[in-house]
Amino acid sequence: MARTVPLERVRNIGIMAHIDAGKTTCTERILFYTGRTHRLGEVHDGKATMDWMEQERERGITITAAATTCSWRDHRINVIDTPGHVDFTAEVERSLRVLDGAIGLFCGVGGVQPQSETVWRQAEKYSVPVIAFVNKLDRPGADFFAVVEEMEESLAANPAPMVIPIGREEEFIGVADLLERRAFYYDTGEKGAEVPADMAAAVEHWRKHLVEKLGEMDEQILERYCNGEDIPVADLRAAVRKATLARKIVPVYGGAAFKNKGIQKLLDAVVDYLPSPVDLPPTIGTCRDGKEIERHPRDDGRMAALAFKVVADKHMGKLIYVRVYSGTMKAGTYVLNSTVDKRQRIARLIQMHANHQEMIDEIPCGDIGAVVGLGDTRTGDTLCDEDHPIVLEAIEFPAPVISVSITPETRADQERLAKALFAMSEEDPTFIVTHSSETRETVISGMGELHLEIIVDRMRREFGVQARVGVPQVAYRETITHEVEIEHKHVKQTGGRGQYAHVVLRLEPLGPGEGFEFVDKIYGGAIPTNFIPSIERGIAEAMQKGPYAGFPVVDVRATLVDGSFHDVDSSDFAFRTCAATAFRHGVLKDSPQLLEPVMSVSVVTPPEYSGSVNGDLCSRRGRIMGMESRAGVQEIQGFAPLAEMFGYATILRTLTQGRASFTMHFERYEAVPVAIAEKIVEERRKPKE
Ligand code: GDP
């Protein structure tokens, strides 16, 4: 199958939204109107097309990103499903890497919610052009213009309404298209009608507003506007496209996905204003010699693709979603996984539609599809032409902040568990599995309590593992606060060949997130160079289990300043052991510090509960950073240590009779107050029964 849709007609889009804004409904309607789903499943009864996993349906949230292909006005639209829950910001980042444009979806009542801001900033980071859709305009309290204003204030966006609603709340019946000066009522299909007389002035007002906005960015439009010319709609559309691609404006649409209102206009806007792969700058990668190179979106270019999602499919096994940036990926050929340097065969290629999968022969550049049967490929890996290796910029994922132990009930469960955890960790790079040699437990770590709950849930349902799950543990870290110098000699003389190593280390604190740095400052051969790597290794090993409380040590620079050796008795082993001991002593010599993950928390509550929510957060060592009241609710934002936030969903429900909602995501590591740190350390040092 050669290319069926010209590259300029391909759109890779995602929908960014706060949970509950209507993303699932909207995606479903998009798939419905593009003719791929044959019946509308409601979110209520859990038949949403994009909800792949059972528990997602139950929870009504979309967790993982998959990609679905559909078509509209001879364009191919790949809808990349971005997750709606803040615990999974890494997933959002990952999907933003492979999409070219996005729909920012807002609830007409809730407006710009805290998470919308987070996602918006992420889209900014990846320079993704956005169009906005104000949903739920049929609901009491919905206010299109208030949301537009909020976008301007809270997101510092430049929103440009392209439609205005006809009727409010229950009487919301359609939208007036400003460029076309036509009214669109949905009950009677999508054919435009004349704008109702009582709205003509509003349409002219907002149309003028739009054209003036365009004039600010486009001199030609400005000149023609000032000359009083009636600028043809096609020219205005071109100006909107240009401004949107340059991220200078955000065209705003509105409707009610649930009532099938406004979706066709939104699809038109995707086609008209969001970029195709050719509108984007070339993709950057590095070749073997470390040089930066570009790949252009050309069918006959050298193939380069990014694996952005791994899914364990019940029927097909491992599915790897790829975005091809250049060249063509062909079934039956060999490619190089340049990230791990392995040659792999592309056995089968498929394209996912809303309700069926289609076998395809190739994925042309700019397009998205899935590969079946790729063994050693994980999320973030590059697949490329064997003869022209390139590694595309990898997707960065944060380290996990919470962990829980899993003990399988039986031997058979043990086997199933290993399989389940392997499959799930391949899918999700922020989920990590480790085995504790001391307790012989399997420990899983992730980005939040909900994240781990979902994994445990999947482990039980999808993989049928019966297991006991421990109490969640916070992933503390250790670090130092001052510079220290430490000297250590490792000498053993126990008959036969002895051991000798001697090092002097300087340890200095680094900034948060800077990790570990090793500097070799040995002059004049005090220690022969061949032992230096063993010293570094010894320190790196000691860092994995800190001397203070056994947590990993982070953000330290270790400089090897001096030492000595023995011609016969020195060995790699002796230097490794010596460096590890020196490092441990060094950390304890300074007053070591315990670090803990701090979460950014945002609670939306009816105002009458805001006092108790605030008080409770403060009692959890929380810091309130801001309070805002709008549309009958109070929004509280702050930070709180993860350790104090276990079970917060239940606590908040009790505090507010279930009327508040919250989002929480990892923000950064911070020092644990000394008194609390001492308790934690004491607890850790207690002998285990
Ligand atoms: P998601 O969490 O963003 O995926 O949101 P859903 O699509 O699951 O929608 C959340 C809730 O809002 C569901 O109960 C939907 O039926 C409802 N909903 C979605 N769109 C609309 C709309 O346009 N109008 C109204 N009144 N309700 C809607």
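We count residues from 1, following the sequence as given. Whatever order the structure lists ligands and atoms in, that order sets their numbers, starting from 1.
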*Picking from Val270, Val252, Leu105, Asp272, what satisfies side chain to side chain contact (heavy atoms under 4.5 Å, CB included) with Ile131?*
Val270
*asked:* So for ligand 1, is Ala17 a polar contact partner (N or O within less than 3.5 Å, distance only)?
replied: no
*What part of Ala256 sits under 4.0 Å from ligand 1 if we count only heavy atoms: the side chain, the backbone, both or neither?*
both
*Between Gly22 and ligand 1, does any nitrogen or oxygen pair lie at a separation below 3.5 Å?*
yes
*Under 6.0 Å between the ring centres of His75 and Trp72?*
no
*Heavy atom under 4.0 Å from ligand 1: found in Asn135's side chain, backbone, both, or neither?*
side chain
*Check whether any N or O atom of Cys26, backbone or side chain, sits under 3.5 Å from an N or O atom of ligand 1, and answer yes or no.*
no
_Subset of ligand 1 atoms that lie under 4.0 Å from at least one heavy atom of Thr25_ = 6 (P), 7 (O), 9 (O), 15 (C), 19 (C)
_Arg139 to Phe172, cation-pi by 6.0 Å centre distance and 45° axis angle_ = no
*asked:* Taking 4.0 Å as the limit for heavy-atom contacts, which would you say applies to Lys136 with ligand 1: side chain only, backbone only, both, or neither?
replied: both
*Which one holds for Leu105 and ligand 1: side chain close, backbone close, both close, or neither close, with close meaning a heavy atom under 4.0 Å?*
neither
*Considering only NZ, NE, NH1 and NH2 on the basic side and carboxylate oxygens on the acidic side, decide whether Asp616 and Arg620 come within less than 4.0 Å.*
yes
*Got an N/O contact under 3.5 Å between Lys259 and ligand 1?*
no
*Would Lys265 count as a cation-pi partner of Phe184, with NZ or CZ less than 6.0 Å from the six-membered ring centre and within 45° of the ring normal?*
yes
_Residue Glu608 excluded, over 12 heavy atoms near CD under 6.0 Å_ = yes
*Are the ring centres of Phe133 and Phe106 closer than 6.0 Å?*
no
